[in-house]
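Worksheet: the structure to be examined is printed underneath.
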Amino acid sequence: MSHEDFPTEQHAVVTCGLPYANGDLHVGHLRTYVGGDVFARALRKLGQRTAFVSGSDMHGTPVAVNAEKEGVDPETFALRWHEKYEETFPRFRVEFDNYGHTHDETNAELTREIVRTLDERGYVYEKDIMVAYDPEEDQYLPDRYVEGTCPYCGAKARGDECDEGCQRHLEPGEVVDPVSTITGNPAEYRERTHKFFRVSELQEYLQGFIDRLEGTANARNQPREWIEGELQDWCITRDMDWGIDYPEGSVAPEEQRDGDGDSAERSSADHSSGRSPREETVDGEDDLVLYVWVDAPIEYVSSTKQYTERVGSDVYDWEAVWKGEDVSESDADSGARPTPSGGEIVHVIGRDIIQHHTVFWPAMLRAAGYNEPRAVMASGFVTLGGKGFSTSRNRAVWADEYLDEGFDPDLLRYYIATNGGFQQDVDFSWEKFQERVNGELVGTVGNFVYRSLLFAHRNYEGAPAGVEGVSDGVRERIEGAVADFGEAVNDYSVREAGGAAVRLAQFGNEYIQRNEPWKLVDDEPEAAARVIYDCVQIAKAVAVLFEPIAPGACERLWEDLNEDGSVHEVGLDAALEPPAERFDEPTELFEKIPDERVEELNEKLEARVAEATAADEEGDEAEDAEATANDEEAGTDDLEPLADQRISFEEFQALDLRVGEILDAEGIEGADKLAKLTVDIGLEERQIVAGIKQLHDLDELVGERVIVVANLERAELFGVESNGMLLAAGEQADVLTTRGDAVPGTKVR
RNA sequence: AGCGGGAUGGGAUAGCCAGGAGAUUCCGCCGGGCUCAUAACCCGGAGAUCGGUAGUUCAAAUCUACCUCCCGCUACCA
């Protein structure tokens with residue numbers, strides 16, 4: 001192991017992947033934040049000085065697009081979500097020392113500073129690239145404003161990644177046959193000058209880095225393919241208004257801020273025209289904004305900085321943590337490991353953003369002279385009934401929803417933190433939730449501390465006096481649990497950190513059961529007192545060890561134990577310090593979840609998912625209706641231009657068009673739009689797949705005359721063979737039919 | 001079809017990265033105990049040749065190759 005075990009002398013910072021200010025939080029998101037919170041608390045228990053920070057990710061095209069849809073400016077839109085998150089996290093006892101956002105001044109300033117450093121050190125160069133551009137709307141189309149075909153695998157791809165095919169990250173200008181996602185217009189490529197970060201020069205460094213990176217295995221393995229293959233330089237600018245301006249040396253920061261304000265005003269006044277990407281100005285002045293993945297991770301640093309600004313650098317020094325000893329310019333791209341003088345940086349993220357944290361981000365840090373992350377913990381996803389969450393279909397358990405049901409946040413924390421390995425996907429169901437709460441939290445932990453403290457209170461009004469201290473066996477057992485806890489933290493296993501406490505409580509139950517103090521009280525009062533003293537000690541240790549997972553419950557337990565101070569602040573030593581000799585009747589730490597409750601929750605969930613799916617469909621229809629209306633009003637404006645290219649009569653004759661009659665029509669399961677049709681085309685019956693499921697009452701189509709391209713190559717869609725193509729007009733799939741009574745099979749010409 | 005993740009007693013999970021006592025924990029099942037405790041708790045038991053095949057090794061759930069099956073995301077106007 002190339003790193004010292006926790007706790008170390010250095011300060012640590014634990015960060016959580018920034019939530020993207022674009023929608024509600026659900027239990028899946030919470031997995032990462034709870035994981036980070038548990039880990040940060042656990043580090044503190046070990047005695048490691050730790051800052052726990054995060055912030056909202058405000059920039060990027062999806063925010064801009066969705067703000068436009070709502071007719072507000074991106075800042076207003078993103079801030080609204082930011083405030084929501086800021087308020088939600090503490091309700092799950094995810095307590096950041098600082099929670100900022102990427103659009104605040106601290107981050108804007110630090111981002112410009114870091115980028116300027118990269119620039120000065122020669123890590124940035126300019127390159128003219130072809131950028132997708134919508135000539136009709138006169139705007140550039142960065143990232144998700146454009147989609148087209150992946151140049152590597154041929155699948156349909158978004159502008160920034162081949163999300164449906166090979167999963168490759170796509171650089172601007174790479175996507176083939178680009179189309180604007182805003183207008184649907186085919187886009188053309190125009191040459192623009194952009195900034196590139198020489199990631200390729202840091203390849204040797206990154207190879208060393210990935211080998212010494214700690215955390216979960218997936219974070220270390222997934223980026224290998226990139227780091228050990230050929231690293232591409234990274235385009236770090238975009239043609240947009242929304243974001244942090246590229247820090248041109250000649251432009252003073254103040255002016256840039258003004259620029260931001262301007263753009264916000266402009267886009268809010270201008271939203272109806274639906275444009276937010278940078279419009280080219282008359283003089284063609286480059287108004288480049290930094291790519292969102294540049295300023296987003298810098299927020300980790302900015303947020304730490306804000307924390308220091310609040311508490312003072314004598315309490316926590318962000319610069320010592322993040323900067324440490326700067327690597328000299330000439331050394332940066334060597335594989336040499338930086339002097340380990342900085343802090344322990346631990347990133348807790350979802351497994352979908354591993355590459356950003358193990359390639360681009362450490363490269364930036366290194367090149368700018370910052371300290372490298374010690375560990376990346378990448379969590380698996382949360383599934384629902386074995387299937388993935390689908391926010392669009394409302395197939396999810398939302399954070400608010402959970403709280404509204406009145407459940408203690410600790411229950412969910414326990415469930416998602418310990419139900420499986422951190423990098424493993426965990427399944428959520430109310431049944432399993434109930435099982436673990438009732439069995440482990442109530443039956444094992446809650447029951448043990450309650451029976452112990454109640455017995456102690458009734459017979460001794462607290463921990464029995466006159467006992468010399470814990471018995472050796474129990475002491476060893478507690479020490480063992482403390483050791484397990486420490487090991488778990490060093491293994492980055494939040495699951496095991498929780499397990500140590502639960503197993504200790506389990507031991508407590510065995511211990512009290514074996515010694516039966518209730519039988520001893522009368523005949524052997526001293527023996528009884530010793531047993532109960534031991535039990536109270538175990539309960540106290542449980543409070544200390546379980547605090548990272550269940551901070552609320554442990555706070556109550558700490559009070560029940562009549563302990564001074566805060567259970568959140570005590571270290572592991574407290575586990576073996578003598579318990580109080582006086583305390584009141586204890587409370588029940590956790591409550592059982594009755595079966596009826598689970599049934600009710602399941603019904604609710606199912607009903608909502610069904611309803612939302614239906615509403616989704618209606619929504620689509622409404623949108624479609626709107627689109628139709630627009631089509632009519634818009635007249636010729638929205639029509640595709642006529643093809644310039646003329647074809648020969650022979651080429652036309654190559655099409656075998658036939659009249660057909662629909663004999664049967666049914667939807668294809670799993671597909672939103674595809675329908676399977678059986679069509680009689682005179683000489684034979686054909687099975688044809690057509691994308692008309694939502695646009696037609698399928699039953700009404702039966703008997704309808706249609707025009708079919710009979711000699712189109714066969715294709716398979718959703719595993720269903722399509723042997724021909726049904727002709728239809730426009731977005732609404734207005735199906736072509738015959739005016740007279742041409743019989744099926746008649747050739748069309 | 002592509003990418004990713006899995007396959008361990010009835011169900012759910014750990015262990016595999018750093019091979020070595022026929023294997024963890026939870027739920028369920030069977031039998032017993034206890035009554036301090038939120039019908040909680042404790043003890044004992046049945047039950048897996050760790051997906052298949054072939055290798056490497058003195059030794060493989062753990063390493064290598066191939067295969068099968070499952071799941072997730074994608075798949076959509078042919």
Side-chain angles (χ1 to χ4, degrees), chain A residues 1 150 153-157 162-168 216-218 220-222 351-352 380-381 383 386-390 418-421 423-427 429 431-432 434-436 438-444 446-459 493 495-496 499 502-503 505-506 508-521 528 531-532 535 586-592 668 670-675 688-696 708-709 712-733 735:
Chain A
M1 194 72 38
C150 174
C153 69
K156 191 177 145 203
C162 178
D163 57 327
E164 296 178 0
C166 59
Q167 310 274 308
R168 236 181 254 254
T216 52
N218 54 356
R220 225 173 4 260
N221 295 332
Q222 202 170 303
R351 67 163 149 83
D352 49 336
F381 295 144
T383 58
K387 290 180 182 168
F389 274 37
S390 167
T418 65
N419 206 40
Q423 64 167 324
Q424 231 55 57
D425 288 356
V426 302
D427 190 51
S429 74
E431 286 94 342
K432 285 184 205 154
Q434 178 203 31
E435 191 181 296
R436 307 221 39 224
N438 291 0
E440 293 161 48
L441 291 180
V442 178
T444 303
N447 183 237
F448 166 69
V449 299
Y450 184 65
R451 70 197 293 204
S452 300
L453 299 197
L454 187 62
F455 198 99
H457 170 258
R458 280 187 189 156
N459 294 281
S493 172
R495 177 184 219 262
E496 278 306 298
V502 176
R503 282 193 302 271
Q506 198 171 20
N509 271 323
E510 288 166 32
Y511 186 77
I512 194 170
Q513 193 74 38
R514 205 178 331 124
N515 294 85
E516 301 184 308
W518 48 91
K519 283 185 178 169
L520 299 173
V521 251
V531 171
I532 289 304
C535 288
T587 52
E588 291 177 2
L589 274 194
F590 302 105
E591 268 177 33
K592 277 204 156 192
I668 293 174
D672 295 337
K673 300 178 181 175
L674 296 179
I688 293 176
V689 175
I692 55 174
K693 187 166 149 191
Q694 290 189 331
L695 310 171
H696 296 274
V708 170
V709 182
L712 186 69
E713 63 183 359
R714 289 165 195 257
E716 193 175 311
L717 284 95
F718 265 71
V720 180
E721 188 186 71
S722 182
N723 185 8
M725 177 181 185
L726 184 74
L727 294 184
E731 287 298 308
Q732 302 313 303
V735 173

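Model, not experiment: these values are computed from the prediction. Lettering of chains follows the sequences in order, A, B, ..., and the numbering in each one begins at 1.
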Considering all heavy atoms of both residues, which atom of Cys535(A) and which atom of Tyr511(A) are nearest to each other, and what is their separation?
SG-CD2, 4.0 Å

Are the side chains of Asp352(A) and Phe381(A) in touch, meaning some heavy atoms are under 4.5 Å apart?
yes

For [N], which nucleotide in any strand shown is its Watson-Crick or wobble partner with both distances under 3.5 Å?
{"N": "rC17(B)", "answer": "none"}
{"N": "rA48(B)", "answer": "none"}
{"N": "rA75(B)", "answer": "none"}
{"N": "rA23(B)", "answer": "none"}
{"N": "rU38(B)", "answer": "none"}
{"N": "rC63(B)", "answer": "rG55(B)"}

Between Tyr450(A) and rU38(B), is there a side-chain N or O to OP1/OP2 distance below 4.0 Å?
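Yes, because at least one side-chain N or O of Tyr450(A) sits under 4.0 Å from OP1 or OP2 of rU38(B).
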
Show the distances under 3.5 angstrom between N or O atoms of the protein and N or O atoms of nucleotides 11-13 of chain B.
unit_1, atom_1, unit_2, atom_2, d
rU13(B), O2', Arg495(A), NH2, 2.6

Applying side-chain contact (heavy atoms from CB on, under 4.5 Å) to Arg451(A) and Ile512(A), what does each step give before you reach the verdict?
CA-CA 9 Å; Arg451(A) 70 197 293 204; Ile512(A) 194 170; 3.5 Å; yes

Same-atom distance ([atom1]) from [N] to [M], integer angstrom:
{"N": "rG11(B)", "M": "rC67(B)", "atom1": "P", "answer": "27 Å"}
{"N": "rA23(B)", "M": "rA61(B)", "atom1": "P", "answer": "12 Å"}
{"N": "rA54(B)", "M": "rA60(B)", "atom1": "C1'", "answer": "14 Å"}
{"N": "rG2(B)", "M": "rC58(B)", "atom1": "C1'", "answer": "44 Å"}
{"N": "rC34(B)", "M": "rA40(B)", "atom1": "C1'", "answer": "12 Å"}
{"N": "rU49(B)", "M": "rG33(B)", "atom1": "P", "answer": "33 Å"}
{"N": "rC63(B)", "M": "rC50(B)", "atom1": "P", "answer": "15 Å"}
{"N": "rU8(B)", "M": "rA48(B)", "atom1": "P", "answer": "15 Å"}

Taking the nucleotide of RNA chain B with the closest heavy atom to each, which residue, Leu441(A) or Glu510(A), is nearer the 5' end?
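The residue mapped nearer the 5' terminus is Leu441(A).
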
Go nucleotide by nucleotide along RNA chain B from the 5' end; which of Glu440(A) and Glu591(A) gets its closest nucleotide reached first?
Glu440(A)

Over how many whole Å does the gap from [X] atom [atom1] to [N] atom [atom2] extend?
{"X": "Arg451(A)", "N": "rA39(B)", "atom1": "CZ", "atom2": "P", "result": "12 Å"}
{"X": "Gln513(A)", "N": "rG32(B)", "atom1": "CD", "atom2": "C1'", "result": "13 Å"}
{"X": "Asn509(A)", "N": "rC43(B)", "atom1": "CG", "atom2": "C1'", "result": "13 Å"}
{"X": "Phe381(A)", "N": "rG6(B)", "atom1": "CZ", "atom2": "C1'", "result": "15 Å"}
{"X": "Leu589(A)", "N": "rA40(B)", "atom1": "CG", "atom2": "P", "result": "17 Å"}
{"X": "Lys592(A)", "N": "rA37(B)", "atom1": "NZ", "atom2": "C1'", "result": "12 Å"}
{"X": "Ile512(A)", "N": "rU35(B)", "atom1": "CD1", "atom2": "P", "result": "13 Å"}
{"X": "Asn438(A)", "N": "rC27(B)", "atom1": "CG", "atom2": "P", "result": "11 Å"}

Give, for atom [atom1] of [X] and atom [atom2] of [Y], the distance between the pair rounded to the nearest 0.5 Å.
{"X": "Lys592(A)", "Y": "Leu441(A)", "atom1": "NZ", "atom2": "CG", "value": "12.0 Å"}
{"X": "Asn447(A)", "Y": "Glu440(A)", "atom1": "CG", "atom2": "CD", "value": "13.5 Å"}
{"X": "His457(A)", "Y": "Ser452(A)", "atom1": "NE2", "atom2": "OG", "value": "14.5 Å"}

Sugar-phosphate only, base, or nothing, as touched by [X] at under 4.0 Å among non-hydrogen atoms:
{"X": "Glu588(A)", "answer": "base"}
{"X": "Arg458(A)", "answer": "sugar-phosphate"}
{"X": "Gln506(A)", "answer": "sugar-phosphate"}

Has Trp518(A) got its ring stacked on the base of rC36(B), with centres under 5.5 Å and planes less than 30° apart?
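Here the ring of Trp518(A) and the base of rC36(B) are stacked, with centres under 5.5 Å and planes under 30°.
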
Among residues at least two apart in sequence or on other chains, which ones pass salt bridge (Lys or Arg N to Asp or Glu O under 4.0 Å) with Arg351(A)?
Asp425(A)

If you measure from the Lys or Arg side-chain nitrogens to the Asp or Glu carboxylate oxygens, is any gap between Glu496(A) and Arg503(A) under 4.0 Å?
yes

Are any side-chain N or O atoms of Asn515(A) and backbone N or O atoms of Ala528(A), one a donor and one an acceptor, separated by less than 3.5 Å?
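Judged by distance alone, no pair lies under 3.5 Å.
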
Which nucleotide sits closest to the side chain of Asn447(A): rC26(B), rC43(B), rC41(B)?
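Closest of the options to the side chain of Asn447(A): rC41(B).
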
